[in-house]
Amino acid sequence: MEVKLDKRYPLDVDVARAWQVLRDVKTVAGCMPGAAITEQVDDTHYKGNVKVKVGPANAAFAGDIQVLELDDAAKKLRMLGKGADRSGSSASMELAATIEPGETPATSVLAGQAVVAVSGKFAQFGNRLLVPVSDMLLAQFVDNFRAAAAALPGAAGADAAPGAPAAPEQRELNALAMLWALVKGWFAGLIGKRS
């Protein structure tokens, strides 16, 4: 089963801080509910895992992530993630994400497109359950992403919103990382190839 995602999220941080978070694969993984980078193989290859729960189905995916493109000028990240669990379920995701200028210099937009392929027990749930679960997990991811970017020192020349409340530095991760299997998406490519 294949799911295509195309999302845009406004951010209350400048482009420089949002890009600083997006270009750091480990930080991005920390924003994804239930996901973690377990090893950095080299500059473009990582190993990771994610715990996924959808309805009665639970899985612990392990896999590989490859950074295909990291373009500082275009503020663009492309990744490929593939992974599998012990029950025979597998997932892959190709993700393209960019940071775009917002309506003011103190804002930006996180835009992403992903193609996620799922097989095994998670594929049986189909789009009727996987899409709403992925939307919920992406919302949690974006909240964590916003907090991570807001916690960074302001960029030189960026107009900080006066009186803006400080973002919480602590990010809450939960085990609903179906997005990881789906969106391994979105950044969620953070799962690698089947062993």
Side-chain angles (χ1 to χ4, degrees), residues 1-7 9 21-22 24-70 77-97 110 112-145 148 170-195:
M1 184 187 86
E2 187 174 277
V3 176
K4 293 182 181 180
L5 302 169
D6 189 353
K7 303 287 183 177
Y9 296 97
V21 172
L22 183 60
D24 184 340
V25 174
K26 290 180 182 179
T27 301
V28 168
C31 293
M32 186 60 65
I37 296 289
T38 58
E39 179 184 352
Q40 182 172 349
V41 178
D42 60 31
D43 288 345
T44 60
H45 294 84
Y46 299 82
K47 294 190 179 291
N49 60 45
V50 65
K51 294 179 182 176
V52 179
K53 177 175 174 52
V54 176
N58 292 296
F61 284 84
D64 300 319
I65 302 126
Q66 179 183 3
V67 177
L68 303 171
E69 178 183 2
L70 189 62
L77 168 70
R78 283 192 329 110
M79 329 173 70
L80 174 65
K82 296 181 182 179
D85 74 350
R86 292 182 190 167
S87 72
S89 290
S90 65
S92 67
M93 180 202 70
E94 186 164 349
L95 165 77
L110 173 61
Q113 300 81 38
V115 177
V116 181
V118 180
S119 65
K121 66 182 171 183
F122 288 106
Q124 73 186 351
F125 292 107
N127 284 354
R128 73 183 185 286
L129 181 59
L130 294 180
V131 171
V133 169
S134 68
D135 286 345
M136 179 185 69
L137 292 171
L138 278 174
Q140 292 173 7
F141 166 82
V142 170
D143 287 345
N144 294 336
F145 186 97
Q170 195 172 27
R171 293 171 280 179
E172 178 180 327
L173 300 178
N174 70 35
L176 291 179
M178 178 56 207
L179 172 63
W180 218 219
L182 286 178
V183 176
K184 245 193 270 176
W186 217 89
F187 289 99
L190 296 180
I191 300 303
K193 65 182 156 187
R194 179 178 263 188
S195 302

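Note that the structure is predicted; figures quoted are calculated from it, not measured.
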* Asked: Should Gln113 and Leu5 count as side-chain neighbours, where that means a heavy-atom distance under 4.5 Å?
  -> no
* Out of curiosity, Asp85 CG to Phe61 CZ, how far, rounded to the nearest 0.5 Å? -> 4.5 Å
* Asked: Side-chain contact, heavy-atom cut-off 4.5 Å: Val25 with Val67?
  -> yes
* Asked: How long is the span from the CE atom in Met79 to the OH atom in Tyr46, to the nearest 0.5 Å?
  -> 7.5 Å
Donor-acceptor pairs under 3.5 angstrom involving side-chain atoms of residues 32-43: please list them, not counting sequence neighbours.
from: Thr38; atom 1: OG1; to: Lys47; atom 2: O; distance (Å): 3.2
from: Gln40; atom 1: OE1; to: Lys26; atom 2: NZ; distance (Å): 3.4
from: Gln40; atom 1: NE2; to: Asp42; atom 2: O; distance (Å): 3.2
from: Asp42; atom 1: OD1; to: Thr44; atom 2: N; distance (Å): 2.9
from: Asp42; atom 1: OD1; to: Thr44; atom 2: OG1; distance (Å): 3.4
from: Asp42; atom 1: OD1; to: His45; atom 2: N; distance (Å): 2.9
from: Asp42; atom 1: OD1; to: His45; atom 2: ND1; distance (Å): 3.0
from: Asp42; atom 1: OD2; to: His45; atom 2: ND1; distance (Å): 3.3

* Nearest-0.5 Å distance, CD of residue Glu2 to OG of residue Ser92 -> 8.0 Å
* **Verdict with reasoning, Phe141 to Leu110, per side chain to side chain contact (heavy atoms under 4.5 Å, CB included)** => CA-CA 11 Å; Phe141 166 82; Leu110 173 61; 4.1 Å; yes
* Asked: Roughly how far apart are Leu77 CG and Leu70 CG, rounded to 0.5 Å?
  -> 6.0 Å
* Gln66 side chain near Leu68 side chain, heavy-atom distance below 4.5 Å -> yes
* Structure fact -> Heavy atoms of Cys31 and Asn144 approach each other most closely as O-ND2, 3.0 Å
* Straight-line distance of Phe145 CZ to Leu138 CG, nearest 0.5 Å -> 12.5 Å
* Asked: What's the spacing between Leu80 CG and Ile65 CD1 if we round to 0.5 Å?
  -> 10.0 Å
